[in-house]
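The structure appears right after this line, and notes come after that.
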Amino acid sequence: VQLQASGGGLVQAGGSLRLSCAASGRIFEIIAMDWYRQAPGAQRDLVASITAAGGRSYADSVKGRFTISRDNSKNTVYLQMNSLKPEDTGVYYCSAQRVQGASWGQGTQVTVSS
């Protein structure tokens, strides 16, 4: 599975961004899709997940502000990020969970200015 993330950028606090992750290859192997965030000098943390059945989960820090969704016709997963805060700054990675292991996209930078 190959993943291509896009949509990052610079935004002021309180603003919004939508990230996209386009999947290709053996898509039928994907169990769930995740978005991770890695702030400078920090570990990579799970932000949101969506399963093949459509179940969604979020980190407490983004609940009520971020929404994960998918468009199966485009093999794309989205992360709508609203009410952004400076602490949301980081590189956002999409990941595809498979029985064979996880596949990772290249990451997209999100910078939220105060």
Side-chain angles (χ1 to χ4, degrees):
V1 173
Q2 293 77 45
L3 303 174
Q4 181 70 39
S6 62
L10 173 64
V11 64
Q12 288 188 331
S16 299
L17 282 174
R18 188 178 79 158
L19 306 183
S20 300
C21 178
S24 60
R26 301 173 68 86
I27 296 170
F28 59 90
E29 294 180 349
I30 297 175
I31 300 169
M33 293 287 294
D34 305 323
W35 282 101
Y36 283 78
R37 174 173 68 202
Q38 187 166 22
Q43 65 183 19
R44 193 174 296 185
D45 293 324
L46 181 62
V47 172
S49 294
I50 186 165
T51 69
R56 307 176 189 185
S57 61
Y58 299 93
D60 288 343
S61 61
V62 306
K63 282 181 180 177
R65 299 187 299 121
F66 290 11
T67 302
I68 190 169
S69 63
R70 66 183 186 198
D71 184 338
N72 290 335
S73 68
K74 297 181 179 179
N75 297 323
T76 299
V77 172
Y78 303 98
L79 185 67
Q80 177 66 43
M81 305 185 295
N82 298 329
S83 302
L84 282 162
K85 304 175 181 180
E87 52 263 44
D88 294 318
T89 293
V91 179
Y92 283 70
Y93 298 89
C94 59
S95 175
Q97 297 181 33
R98 304 179 299 140
V99 171
Q100 300 86 345
S103 298
W104 291 88
Q106 83 285 7
T108 185
Q109 176 71 44
V110 172
T111 302
V112 184
S113 62
S114 57

Do [X] and [Y] have side chains that approach each other closer than 4.5 Å (heavy atoms only, starting at C-beta)?
X: D88; Y: M81; result: no
X: R98; Y: S103; result: yes
X: V110; Y: R37; result: no
X: T89; Y: Q109; result: yes
X: Y93; Y: L3; result: no
X: E29; Y: Q100; result: yes

Quick one: which of L19, V91, L79 gives a side-chain contact (heavy atoms from CB on, under 4.5 Å) with T108?
L19

Which pairs count as disulfide (SG to SG under 2.5 Å) when at least one residue sits in residues 11-114, sequence neighbours excluded?
C21-C94

Less than 6.0 angstrom from the centroid, inside 45 degrees of the normal: does R44 satisfy that with respect to the ring of Y36?
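Because its charged atom misses either the 6.0 Å distance or the 45° angle limit, R44 does not stack over Y36.
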
Short side-chain to backbone donor-acceptor contact, R65 and S83, under 3.5 Å
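Here the side-chain-to-backbone pair exists.
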
Which word best sums up how the rings of F66 and Y92 line up, parallel for under 30°, tilted for 30 to 60°, or perpendicular for over 60°?
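Ring orientation, 0 to 90° scale: tilted.
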
Taken in chain and number order and not counting sequence neighbours, the residues that satisfy side chain to side chain contact (heavy atoms under 4.5 Å, CB included) with S6 are S20

